[in-house]
Amino acid sequence: MIRKYVVSSAQMGPISRQDTRQDCVNRMLEMMKEAAAKGSRFIVFPELALTSFFPRWIIEDQAELDTWFETSMPNADTMPLFEMAKALNIGFNLGYAEKIVEGGETRYFNTAILVNQAGEICGKYRKIHLPGHDEPQPGRRHQHLEKRYFEQGNLGFPVTPMLDTRIGMLICNDRRWPEGWRVLALQAAELVCLGYNTPDDHSGFEEVDALADFHHLLSMQSGSYLNSVWSIATAKCGLEEGSSLIGNSAITAPSGQIVAQSETLEDEVINAEIDLDMAKQYRQTFFDFGRHRAPENYQLISKRRMALPEPDDT
Ligand code: CDV
């Protein structure tokens with residue numbers, strides 16, 4: 001079986017505070033049509049693609065905060081995406097803020113779903129590496145309050161069989177943590193998709209912020225190469241409510257080479273034909289996990305959270 005087909009990244013330019021879910025969905029539908037016209041079978045939308053990136057604001061009123069979250073999926077606003085997926089025979093990955101009652105408790109997650117070509121949800125991931133703070137930081141022009149508004153994902157790093165392959169999901173900051181990539185690769189993921197909102201004025205260090213695009217691409221290229229997976233990274237980008245978000249959406253091969261990259265800071269579809277069997281070359285050589293990995297030596301990775309010297313170090 002030849003497993004070669006076109007996939008797409010549907011980068012979105014800024015979403016303003018006033019924009020409705022329908023506004024966003026209409027933009028996504030246009031990009032879905034454009035991708036399908038290029039023969040694409042799978043399209044990746046950004047993190048929190050249905051709203052402005054609200055964790056930059058301090059929102060004290062719970063009722064107001066709740067308006068940024070989806071309580072069901074699909075819902076009336078997003079249903080057209082699911083219908084279009086079925087009509088055009090194209091799967092998609094969508095990020096959104098999820099409010100759900102689980103175990104009798106109301107819970108809030110930064111979530112991404114996979115939808116297959118029949119327009120059905122077939123995979124869900126809730127972001128594990130939440131950046132930023134749970135309390136507003138004095139002196140910052142923009143807050144980053146993901147730790148306040150979301151709880152850590154509780155679904156692990158699932159891999160979903162779909163489109164003759166196995167797809168894993170990461171969300172934004174997850175791309176900087178090799179552990180998530182490796183957990184996906186150990187479940188034989190061949191394609192990793194990721195949406196992001198990455199401000200280039202976030203760290204408080206000018207020289208670090210100046211490397212925001214470089215570090216994004218470095219993370220995607222190293223994640224793909226070190227784990228022998230294709231990846232599709234999709235930005236929400238441009239000047240959004242005064243916050244400058246990087247673009248550089250990219251489709252990256254298991255070789256670590258970028259095969260398609262966005263050029264604007266606006267809505268933009270990029271496409272690439274990917275050969276899923278390419279990953280095999282890497283998994284049979286440098287990254288033949290069965291021959292070369294030594295998990296018995298990696299125990300600290302799951303036992304220890306932070307860097308500490310050993311107790312007998314002098
Ligand atoms: N949405 C994100 O997770 N953004 C982070 C920023 C805050 C560093 C990122 O890793 O891109």
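In listed order, ligands and their atoms are each counted from 1.
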May I ask whether Pro131 places a heavy atom under 4.0 Å from ligand 1? yes

Which one holds for Glu146 and ligand 1: side chain close, backbone close, both close, or neither close, with close meaning a heavy atom under 4.0 Å? side chain

Ligand 1-proximal atoms of Arg175, by part, heavy-atom distance under 4.0 Å: side chain

Those atoms of ligand 1 less than 4.0 Å from some heavy atom in [X]:
| X | value |
| --- | --- |
| Lys127 | 1 (N), 2 (C), 3 (O) |
| Glu47 | 1 (N) |
| Asn197 | 1 (N), 2 (C), 4 (N) |

Geometry only, no angles: is His202 polar-contacting ligand 1 at N/O separations under 3.5 Å? no

Show, in sequence, the C-alpha distance, side-chain angles and deciding distance for Met73 and Ile121, and conclude whether the side chain to side chain contact (heavy atoms under 4.5 Å, CB included) test is met. CA-CA 9 Å; Met73 191 59 66; Ile121 296 177; 4.1 Å; yes

Tyr298 pairs by side chain to side chain contact (heavy atoms under 4.5 Å, CB included) with which of Arg293, Lys303, Arg182? Arg293

So, applying side chain to side chain contact (heavy atoms under 4.5 Å, CB included) with Gln261, which one of Ile251, Thr252, Leu217 is it? Leu217

To the nearest 0.1 Å, how far is [atom] from its closest protein heavy atom, and which atom is that?
| atom | result |
| --- | --- |
| atom 6 (C) of ligand 1 | Pro199 CD, 4.2 Å |
| atom 7 (C) of ligand 1 | His144 CE1, 3.2 Å |
| atom 2 (C) of ligand 1 | Cys172 SG, 2.8 Å |
| atom 11 (O) of ligand 1 | Thr198 OG1, 2.6 Å |

Below 4.5 Å, heavy atoms only, C-beta onward: do Trp177 and Ser219 meet side chain to side chain? no

Just so I know, are the side chains of Ile113 and Tyr96 near enough to count as touching, which here means a heavy-atom distance under 4.5 Å? yes

Tell me, yes or no, whether the heavy-atom count around Glu206 atom CD, taken from other residues, nucleotides or ligands under 6.0 Å, exceeds 12. no

Salt-bridge test for Glu47 and Lys236: reply yes if a basic N is under 4.0 Å from a carboxylate O, no otherwise. no

Please check: side-chain N/O of Thr20 versus main-chain N/O of Asp23, any donor-acceptor pairing under 3.5 Å? yes

